Amino acid sequence: MQLVLSEDQELLAKTAADFAAEHAPVSRVRALRDARDPIGYSRDLWRQMAELGWVGIPFAEQHGGADMGLAELVCVLEALGRGLAPEPFLGCVLLAGRAIQRAGSEAQQAAWLPRIASGDVVAALAYQEAGSRYDPTRIEATAAPRGSGWRLSGQKIQVLDAVGADLLVVAARCGGGIGLFLVASDATGVQVVPQTRIDHRNAALVKLDDVDVSQDAALGSPDAGGALLEEVVDYASVGLTGEMLGSMARAFELTLEHLKSREQFDAPIGSFQALKHRAANVYIEIELCRSAVMAAARAVDAGDAEAAELVSLAKARCSDAALLTANEAVQMFGGVGMTDEYDIGFYLKRARVAQQTFGDAGWHRERWARLRGY
Amino acid sequence: MQLVLSEDQELLAKTAADFAAEHAPVSRVRALRDARDPIGYSRDLWRQMAELGWVGIPFAEQHGGADMGLAELVCVLEALGRGLAPEPFLGCVLLAGRAIQRAGSEAQQAAWLPRIASGDVVAALAYQEAGSRYDPTRIEATAAPRGSGWRLSGQKIQVLDAVGADLLVVAARCGGGIGLFLVASDATGVQVVPQTRIDHRNAALVKLDDVDVSQDAALGSPDAGGALLEEVVDYASVGLTGEMLGSMARAFELTLEHLKSREQFDAPIGSFQALKHRAANVYIEIELCRSAVMAAARAVDAGDAEAAELVSLAKARCSDAALLTANEAVQMFGGVGMTDEYDIGFYLKRARVAQQTFGDAGWHRERWARLRGY
Amino acid sequence: MADIAEFRADTRAWLEQNCPPGLVGRGSNPLEGVWGGRKWTFSDPDRKRWLERMAERGWTAPSWPREYGGGGLSPAEAKVLAQEMRSLRIPPALIGFGLTMIGPTLLQFGDEEQKREHLPRIGRGEIRWCQGYSEPGAGSDLASLQTRALREGDEFVVTGQKIWTSYADQCDWIFALVRTKADGKKQEGITFLLIDMDSPGVSVSPILLISGSSPFCETHFDGVRVPVRNVLGTIDGGWTVAKALLGHERSMIADAFGSAGGASSRRGLPDVARDHLGEDQGRIADPRVRDRVVQAEMDARAFMLTVQRTRDAAKAGHQPGPESSIFKVYGTELNMRRHELLVEILGPQGLGWEGEGFDDFERELTRDWLRSRGNSIEGGTSEIQRNIIAKHVLGLPD
Amino acid sequence: MADIAEFRADTRAWLEQNCPPGLVGRGSNPLEGVWGGRKWTFSDPDRKRWLERMAERGWTAPSWPREYGGGGLSPAEAKVLAQEMRSLRIPPALIGFGLTMIGPTLLQFGDEEQKREHLPRIGRGEIRWCQGYSEPGAGSDLASLQTRALREGDEFVVTGQKIWTSYADQCDWIFALVRTKADGKKQEGITFLLIDMDSPGVSVSPILLISGSSPFCETHFDGVRVPVRNVLGTIDGGWTVAKALLGHERSMIADAFGSAGGASSRRGLPDVARDHLGEDQGRIADPRVRDRVVQAEMDARAFMLTVQRTRDAAKAGHQPGPESSIFKVYGTELNMRRHELLVEILGPQGLGWEGEGFDDFERELTRDWLRSRGNSIEGGTSEIQRNIIAKHVLGLPD
């Protein structure tokens with residue numbers, strides 16, 4: 001495992017950074033929020049990203065993808081994270097798309113992945129429930145056999161990117177295990193109710209009231225989805241840490257700019273040693289995050305035995321560091337950092353949501369210890 | 001409960017502070033250590049403290065005591081803690097003496113407490129064992145009935161002030177419970193082996209090899225000592241926090257003096273804001289400790305229902321704060337703080353020992369939660 | 001002591017007779033508090049009646065002299081009144097910056113005319129006050145303020161901008177720091193002015209915070225004419241008055257964080273943790289969270305004991321010093337840590353802004369957490385408080 | 001690449017043939033390391049033989065040029081040698097400041113004569129070096145040093161006192177910073193001198209630390225005569241040399257804390273915790289300690305990944321910058337946290353100094369903990385490192 005960007009990756013990161021700087025500054029997130037945009041992201045921009053080949057990065061070439069991995073996705077997501085871009089990578093590509101890629105039949109993959117990669121279809125993975133907390137396999141929704149198919153019932157919460165999605169991948173208890181089922185979002189009995197969280201990203205309650213699906217809706221074996229869910233959530237977690245890395249790096253840059261320009265007591269406040277030392281600590285934490293995220297992405301891509309541990313390492317660190325960075329940023333901005341008018345609050349809110357998505361720091365420390373056998 | 005010193009207590013604290021400054025500076029601890037003094041404290045000074053009435057503070061007047069409480073003991077112990085005075089208050093007065101006072105028959109009390117209060121007899125409480133960690137009731141030493149008396153066997157560790165002690169109070173498993181037994185330190189089968197800990201205070205292994213004691217050696221009922229032990233250790237813990245408060249206050253003073261006098265980069269290092277803010281944090285922690293120690297002492301004296309919780313609050317806080325203070329002190333002294341030549345290292349070593357005596361911070365946080373029912 | 005016992009009995013009887021029954025047992029909830037002022041509307045006629053009766057007796061400001069509308073109570077009597085109100089869980093009749101900040105400062109620095117003009121109106125809840133200290137360029141470095149007041153005869157003409165004026169949109173008067181002399185040391189040349197916000201040229205716009213609330217405003221002064229007799233203290237000598245008032249502000253903040261605030265403090269941390277994480281043999285199921293709950297609870301207990309110790313010392317005649325800075329810094333930071341922990345305990349339910357999928361408690365808590373981030377900034381940042389401790393308590397050099 | 005494979009095979013064969021069998025599998029334990037020098041006595045003839053063979057091949061300093069006694073290996077080859085030695089768990093033949101600090105600095109700043117005089121003797125382990133930087137009045141503010149060197153013809157006469165000279169009592173030469181010009185900016189007028197400690201006027205006394213060990217000394221210079229040709233770099237221009245050497249020191253410290261040190265690192269934290277606290281369903285029984293163990297382990301993993309990332313970046317041609325300060329500050333502070341935790345895990349058994357009642361591991365660990373407190377001071381305090389990061393990495397103003 002080499003913790004350095006290849007030349008191709010450097011180019012990709014540079015392209016993504018330029019694109020994000022031009023098309024996806026944080027001001028766009030504010031505009032989407034203030035306009036109460038129903039899906040909270042730009043379909044146009046999503047199509048452009050698809051044209052650039054980013055949406056299909058992890059998928060096979062025959063499915064319109066680039067056949068690359070998390071290392072490359074992280075390059076893109078980090079760049080987009082700088083401006084808190086809300087486009088549906090997590091829900092559509094890293095969760096739902098990845099689940100289809102990993103467990104779908106050739107027919108299912110051929111049916112959906114090219115349309116996801118092209119940006120024509122947005123999919124979402126509905127797994128989390130009110131009682132799940134952070135365990136993706138604590139599921140009470142049911143899939144009861146009905147004829148040759150299944151009847152799905154239950155309620156999912158905070159389903160990422162579900163508002164306006166065309167396709168839902170639904171996790172439900174089936175026999176002794178968990179199954180994943182492809183459900184059209186306009187199927188009878190499906191209700192998608194938007195949820196407004198502090199970051200105003202796309203998320204929804206998905207209510208399933210006796211939704212009938214046919215035999216070929218099952219993604220893989222209808223009771224073997226538990227392990228798959230864990231693997232897919234790990235995959236998405238690495239993507240999320242990439243995004244968090246970009247967000248915290250940018251929040252820290254904004255803080256440094258403020259420290260250099262804001263004057264009090266006839267000196268830039270960045271000249272005060274107490275703030276300097278705290279800024280140095282934030283810097284160190286971000287650097288450690290970067291190493292952990294790069295290692296996790298490469299380990300998952302390589303199918304390394306240590307991959308799950310490194311995912312938890314990256315998610316635990318980024319969760320803590322993103323909040324630290326944002327909290328210190330607000331404190332160092334002072335009063336204006338508390339105002340909606342300044343952008344830094346957007347980073348704080350997103351840091352909180354990201355920390356509590358796919359398991360918070362405590363959850364991942366617990367998981368690390370379990371995986372290491374103590 | 002009034003968290004303020006009475007006039008009498010203020011006078012006592014002042015007297016003790018003057019006495020300690022004159023007779024018990026930290027240099028004396030160094031001298032005792034370098035001389036490899038077998039008991040590690042001064043018998044002369046102990047007698048003087050007895051004459052001043054301090055050794056008998058908690059005992060009844062008819063037993064030569066002052067019939068006062070922990071609030072007063074803390075006044076004295078805080079003053080002595082400033083110079084890390086190693087005289088045997090903890091082992092002799094707060095543990096062994098307190099056990100005799102609480103559980104002893106009138107005859108036992110009359111036999112021992114006046115001689116303890118006068119400084120003629122030094123006693124020690126042997127309860128801790130290799131497997132005890134911080135639980136005073138995890139005891140494997142045994143007291144088997146033998147004739148009308150008992151035969152004691154087992155090994156005790158880090159028995160405070162046992163080297164040179166005349167009387168041992170030994171905790172041993174007896175029937176279904178724990179008993180406390182008075183044992184002369186020169187009884188057949190008793191072996192007191194000095195232990196050298198990093199603070200060089202008096203402590204010993206006490207080996208009991210078939211030690212026969214008579215019927216009247218039992219302190220209270222021979223199987224009801226468990227609850228008593230907990231109560232006595234709580235009592236001593238408050239005394240220890242008083243001592244710790246004095247030690248950390250003094251270590252902090254030494255640090256402030258250094259910050260004001262040591263110059264680097266053409267300025268006193270105490271003018272650097274990062275150090276200022278850290279010093280402010282240490283100050284706050286010490287102030288919180290003072291409140292907790294005063295409250296614990298008064299609650300125990302009053303038999304308040306919240307007493308045990310407040311003892312754990314005081315001990316947990318002082319354990320953390322004493323180490324923080326000492327660690328920050330060494331760091332702020334810089335290189336010289338690491339040398340044996342400077343006194344600050346003595347405070348660091350004592351802080352570590354004190355933190356791990358009668359339960360460390362984690363132990364007392366656990367206990368607090370248990371007592372509060374969550 | 002006999003007098004005090006009698007006073008207690010009388011007070012209790014009066015409270016029982018005069019407090020509207022609907023308010024007995026309601027307790028002190030700052031969200032329901034009566035702030036008064038010309039723009040105030042009472043949510044409940046009981047609250048209005050209660051204010052009138054208490055104001056009539058002078059007990060909205062129990063320790064102020066009677067001639068200024070206060071109750072003229074001794075410290076011991078004022079304590080008894082507070083105890084009896086607490087014991088009956090009767091809410092305060094009136095709260096606000098008039099009582100806690102400008103009132104005590106007027107008593108200390110005001111001339112007779114000023115005291116007679118302003119204090120009774122504060123006590124009756126007729127005038128609501130706000131604070132005009134900070135400016136966009138003068139936050140922690142308050143003394144660098146630029147709002148200027150030019151003397152024209154018997155008036156000052158005030159021009160400039162204040163920020164963080166709490167609830168200025170609902171206030172009637174503002175006490176403001178203005179610059180009356182441009183040269184010399186910046187702490188000199190500042191004047192403390194009392195300004196009627198109905199004066200022409202005053203305009204106010206609320207500031208939206210990240211929590212979605214707007215407790216603060218920007219207040220602009222555009223050639224506002226203020227009579228010279230509205231100077232509190234001396235012209236160019238306002239810094240002394242300003243600092244004294246900051247002392248009152250800090251102790252008010254310490255009081256607030258010693259007791260109340262937001263959804264989170266209305267339910268104990270251990271209860272919230274048990275509800276959301278479950279129990280394991282009577283313990284909060286997640287041992288990590290449990291340990292952090294324990295630490296927060298123990299920190300709170302030690303903090304409250306320290307507040308009590310300072311009060312007990314004050315009662316025993318010891319003068320409180322700059323060490324009260326520790327209440328501001330520790331109280332607010334503890335409150336912030338508690339909110340961080342609460343939101344983490346709620347897990348995915350701690351992320352709600354509005355609408356479906358979150359209940360009222362969860363949404364309120366999440367916004368309380370966002371609001372709490374400002375605690376270590378407003379009223380003097382934690383950095384400033386630590387500077388004060390280092391300099392004035394520890395004597396560390398500049 | 002074919003060449004490298006061949007080099008690897010040859011190296012492996014040579015190591016297997018030449019390393020005394022008693023050393024194979026011993027691994028790198030700094031406590032058993034060979035520091036060399038005139039006063040050195042080998043604990044084991046194998047170690048002596050191993051040093052001779054490695055020195056002969058130039059592999060004690062594998063990447064130094066062959067003409068100065070090095071191995072002349074390319075970076076890729078040096079890495080292969082290190083890998084093969086690690087894979088066979090063969091200890092390094094020689095360690096010390098000659099190889100890691102003054103050697104690289106001589107290569108960078110030395111003239112031909114100096115390099116030929118000193119480097120081969122370092123490579124053969126004949127001369128052991130120590131560092132004369134700090135003075136009692138010049139710690140973090142190193143440039144305020146006062147040890148003065150007066151020019152007398154072809155000699156400097158050196159008078160003053162150095163402190164924290166590591167193992168000076170066992171060393172042969174010292175590289176020292178001395179003041180050769182009293183006026184002007186204090187960073188100017190400093191000269192970097194190489195001094196033979198056998199010179200008349202040099203005296204050394206060990207400093208006893210709180211841990212009971214004496215790894216440092218005070219070194220006094222009383223009119224010591226040093227030839228002018230022993231100046232490294234230019235007269236009055238020693239500060240540049242000094243800073244370059246500090247860079248080598250920091251990366252050496254980072255290496256050390258990335259891997260080894262003391263009893264504690266020879267046994268994993270989780271194992272020690274399990275031994276002392278027991279298990280509960282395979283988990284460390286105390287959940288509080290377990291969580292802290294997890295954090296320390298995860299911190300260590302992230303730190304090592306960061307060290308690796310920097311090395312991988314260097315291999316890819318990216319120049320390492322001042323961000324290497326994070327290795328010093330984070331590596332040492334992590335090591336200190338680990339030791340704090342270990343001593344707490346040991347509980348009452350973590351308090352032993354000597355004698356009965358504590359076993360060797362416990363006593364050594366307790367002293368290691370005491371020793372570790374100095375990690376954030378020596379080699380540039382954490383405060384200085386954070387200053388460097390703030391200024392040189394983050395660009396924050398002075």
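As the structure is a prediction and not an experimental result, all values here were calculated from the model. So that the names make sense, note that chain A is the first sequence line, chain B the second, and so on, each numbered from 1.
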- Pick one of side chain, backbone, both or neither for D/Val289, based on which atoms fall under 4.5 Å of a heavy atom in chain B. neither

- Is the shortest heavy-atom distance from the side chain of B/Leu125 to the side chain of B/Val159 under 4.5 Å? no

- Item | Nearest-0.5 Å distance that lies between atom NE2 in D/His220 and atom CD in D/Gln161 | 4.0 Å

- Task: Tabulate, in ascending numerical order, the residues of residues 358-374 of chain B having at least one heavy atom closer than 4.5 Å to a heavy atom of chain D, or enter 'none'.
- Result: B/Asp360, B/Gly362, B/Arg365, B/Glu366

- Message: Counting only non-hydrogen atoms closer than 4.5 Å, does D/Leu351 touch chain B with its backbone (N, CA, C, O), its side chain (CB onward), both, or neither?
- Response: both

- Query: What residue in D/Thr381, D/Val343, D/Asp286, D/Leu370 has the most heavy-atom pairs under 4.5 Å with chain B?
  - Reply: D/Val343

- Heavy-atom proximity to chain D below 4.5 Å, by part of B/Leu275: side chain

- Item | Heavy-atom contact with chain B under 4.5 Å, split by part of D/Ile163 | neither

- Does the side-chain contact (heavy atoms from CB on, under 4.5 Å) test come out yes or no for D/His276 and D/Glu362, once each step is laid out? CA-CA 11 Å; D/His276 280 79; D/Glu362 290 162 350; 4.0 Å; yes

- Message: I need the residue from B/Gln128, B/His200, B/Glu341, B/Gln355 with the largest number of non-hydrogen atom pairs under 4.5 Å to chain D.
- Response: B/His200

- Against chain B, label D/Thr366 side chain, backbone, both or neither, depending on which of its atoms sit under 4.5 Å from a heavy atom there. side chain

- Item | Pair listing, side-chain hydrogen bond (donor to acceptor under 3.5 Å, both in side chains) test, anchored in residues 258-270 of chain B, at least two apart | none

- Pick from D/Gly137, D/Ser214, D/Ser382 with the largest number of heavy-atom pairs that fall under 4.5 Å of chain B: D/Gly137

- Item | Contact class of B/Leu323 relative to chain D, heavy atoms under 4.5 angstrom | side chain

- Message: For B/Leu205, which atoms come within 4.5 Å of any heavy atom of chain D: side chain, backbone, both, or neither?
- Response: side chain

- Measuring heavy-atom distances to chain B, does D/Arg288 have an atom under 4.5 Å in its side chain, in its backbone, in both, or in neither? side chain

- Is B/Arg352 close enough and on-axis enough to D/Trp369, meaning under 6.0 Å and within 45°, for cation-pi? yes

- Task: Mind jotting down which residue pairs meet the salt bridge (Lys or Arg N to Asp or Glu O under 4.0 Å) criterion with at least one end in residues 134-146 of chain D? Sequence neighbours excluded, please.
- Result: D/Glu135-D/Lys162, D/Asp141-D/Lys186

- Query: Hey, which of B/Val193, B/Asn327, B/Thr357 has the most heavy atom pairs under 4.5 Å with chain D?
  - Reply: B/Asn327

- Query: Relative to chain D, which segment of B/Phe272 carries a heavy atom at a distance below 4.5 Å: side chain, backbone, both, or neither?
  - Reply: neither

- Query: Among side-chain atoms of B/Asn202 and B/Asp161, is any donor-acceptor pair under 3.5 angstrom?
  - Reply: no

- Answer yes or no: is there a side-chain heavy-atom contact under 4.5 Å between B/Phe333 and B/Val330? no

- Query: Using non-hydrogen atoms only, which part of B/Arg278 is less than 4.5 Å away from chain D: side chain, backbone, both, or neither?
  - Reply: side chain

- Item | Part of D/Ala138 within contact of chain B (heavy atom distance under 4.5 Å) | backbone

- Task: For chain B, find which of D/Gly212, D/Gly357, D/Pro348, D/Ala143 contributes the most heavy-atom pairs closer than 4.5 angstrom.
- Result: D/Pro348

- Do NZ/NE/NH1/NH2 and the carboxylate oxygens of B/Glu243 and B/Arg201 come within less than 4.0 Å? yes

- Query: Does the pair D/Phe97 and D/Ser166 meet the rule for a side-chain contact (heavy atoms from CB on, under 4.5 Å), with working shown?
  - Reply: CA-CA 9 Å; D/Phe97 294 175; D/Ser166 302; 3.6 Å; yes

- Note on the structure: Hits for salt bridge (charged side-chain N to carboxylate O under 4.0 Å, His left out) against D/Lys391, two or more places apart or cross-chain, chain-then-number order -> D/Asp398

- Item | Basic-acidic side-chain contact under 4.0 Å: D/Glu354, B/Arg197 | no

- Task: Please state whether the rings of D/Trp129 and D/Phe175 are parallel, tilted or perpendicular, taking 30° and 60° as the class boundaries.
- Result: tilted

- Among D/Leu142, D/Ile345, D/Leu346, single out the residue with the greatest number of heavy-atom pairs under 4.5 Å to chain B. D/Ile345

- Given B/Ile178 and B/Leu229, is the side-chain contact (heavy atoms from CB on, under 4.5 Å) satisfied, shown in steps? CA-CA 9 Å; B/Ile178 292 170; B/Leu229 264 183; 4.2 Å; yes

- Just give me the residue among B/Lys349, B/Gln158, B/Gln331 that pairs up with chain D most often, heavy atom to heavy atom, under 4.5 Å. B/Gln331

- Item | Side chain to side chain, D/Ile174 and D/Phe221, heavy atoms closer than 4.5 Å | yes

